[in-house]
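Read through the structure below, which is laid out as structure tokens, and then see the notes.
Not measured: the values here are computed from a predicted model.
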2 protein chains.
Amino acid sequence: MTTRVRDLDESGLLARIFPLLPAGGATIIGPGDDAAVVAAPDGRYVVSTDVLVEDRHFRRRWSTGYDVGVRAAAQNLADVAAMGGRPTALVVALVVPGDTEVAWVEGLSRGLADACAVTGAAVVGGDLSGGEMLMVSVAVHGDLGGRAPVLRSGARPGDVVAHAGVLGHSAAGLALLEAGVARPDDGAGSGAPDAAPSGAGEPIARFVAGFLRPAPPLEAGPAAAVAGATAMLDVSDGLLRDAGRIALASGVVLDIEAAALAGDRRALASAAAALGDDGAPLRWALSGGEDHGLLATFPPAAALPAGFRRIGSVRATDGAPGVTLDGATPPVGPGWDHFRA
Amino acid sequence: MTTRVRDLDESGLLARIFPLLPAGGATIIGPGDDAAVVAAPDGRYVVSTDVLVEDRHFRRRWSTGYDVGVRAAAQNLADVAAMGGRPTALVVALVVPGDTEVAWVEGLSRGLADACAVTGAAVVGGDLSGGEMLMVSVAVHGDLGGRAPVLRSGARPGDVVAHAGVLGHSAAGLALLEAGVARPDDGAGSGAPDAAPSGAGEPIARFVAGFLRPAPPLEAGPAAAVAGATAMLDVSDGLLRDAGRIALASGVVLDIEAAALAGDRRALASAAAALGDDGAPLRWALSGGEDHGLLATFPPAAALPAGFRRIGSVRATDGAPGVTLDGATPPVGPGWDHFRA
């Protein structure tokens, strides 16, 4: 018989979850008390929060509990990396309808654990509640290792614009699923997407996996800080929109070079062909969100750290800050908004 | 014309919220980047999370946005106090339907700010999402000031059991609202409930206010740590149930003295009379949740810090850990569960 959340009391559900959660090296007091205690050897900690809501950020018919756990952790971990930090600890608030299978919640826990494992971060606490829809709210913490945090506001004219991770894969995966051209199972065994695009089109399973279980280049964040990055953020709402955030905060123009995206467009060609949409690769690369790559600016003399590739440059502006593609207004609009559409 | 959340984009809504949020002394980098940076002078930080879900933890016909903000902050701040810490920073994930009035969200922000103001804690970050129901998820952080955290597991035979804050006020307020004997507006001007019960029955407005806007005795937490408290937690699910958690974690029996609750019962008599329920005061005092007072154990020789009063003692057990009332099984059952009922 299928065990559902309402068949257990809170302590019974916690007893299923706790053994699945990762313990981390920074944990002093873990789950089970009023609060956890986490080491902050740097004398500061980085903190951010991101929430995933059913039917807004994921659909249960596409995403397993495991997928949602990976994604909830990954997008939070990317925020710490984007400050130049290393993740240490997560707390997780979970709202779950009573008819949800306990196996779904166990899968979520395993997904959180697997996404954290590569970083050594722990899940140190949480809260459980019933509710009419699934909701996973994560707060993530990290350590800066004595370095200054890398903000959005430090880009300077002459800097190199560089990106680590994939562009447009998540958007392509979503489009493939929405069109019914791919099924969620297609992405099951394909693991993490490649950090850099390659060849004349990735297997479309890669895009489905990239949408369901994004794999941000977390190590590239601290590496960028060490290399002297002047500004950085994680690309959650699309390259143009997030580049615009650096431009606005820094009072500069970021000029993206279309030629630098040629490899991304080639990688995405297989997905575009499957959908019969020739214009999709450029659109996905420029506007697709949720890949959680890192966009950073570096002084011109800096050696780009592993994982980063140059995609443009920073220039001064007499007018409004903004983003250009080869010096002109980009041909596609920026990202999307949470409260409309 | 009423402005609703769907009338603004995310940055427009954030522009309404940011000016209302408190800045704190520990904030190094506040809202607006991928993550905040907060000082941890102690080299450790305390962290916990609690979520409030519409129609589970609050009802919009009873609670204003301001009320929900106060409550979301208060129950989280109490978790830091219960470790013996001082709150420094909150991050807030808010899920809000598009038809919600922007004024409700502004009220929530003011409530968070007012509840934080007494502690000097800041709201340093957040996330906004649309969704079918309102949900407020807070993660709270605090500083231990060089002291050891006060866990649930340190109670020893011979210790004094003590409580700071009110008992049963929130449960009484809920009962008055459910019965239609009081209206939410009745609690509007009455401020925070008294820290200690008094007289032969509080004005019933106090209970309504105590339910809508709990005011935990936050200063009593660090004071208890300084005074040598051996165990502590915040009473969120009722005195008996939460005392049972200390008992279980410490492997002891907590014996509560009924005479010590006489003042609480007298204070609650007015609410019981209004409902014609003579047995309610003892039931509310023993089993009512959500007051977020602090329950602690102290060595017998310790001077109880301001705000705490003795309500019982700790004894060893050969059998199961647990809670007794005057040495016998309590006459009412413990708390409640989130996934049933």
Between [X] and chain A, which part of the residue has a heavy atom less than 4.5 Å away: side chain, backbone, both or neither?
X: B:V95; result: side chain
X: B:I28; result: side chain
X: B:M135; result: side chain
X: B:T88; result: side chain
X: B:V46; result: both
X: B:V124; result: side chain
X: B:V92; result: backbone

Discussion item. Among A:I246, A:D79, A:L294, which residue satisfies the side chain to side chain contact (heavy atoms under 4.5 Å, CB included) criterion with A:L233?
Written reply: A:I246
Please classify the contact of [X] with chain B as side chain, backbone, both or neither, using a heavy-atom distance under 4.5 Å.
X: A:L151; answer: both
X: A:V53; answer: side chain
X: A:M83; answer: side chain

Of all heavy-atom pairs between [X] and [Y], which one has the smallest distance, and what is that distance?
X: A:D42; Y: A:L144; value: OD2-C, 3.8 Å
X: A:A122; Y: A:G24; value: CB-N, 3.1 Å
X: B:A249; Y: B:S153; value: O-CB, 3.5 Å
X: B:S137; Y: A:A93; value: OG-CB, 3.4 Å
X: B:P214; Y: B:D291; value: CB-O, 4.3 Å

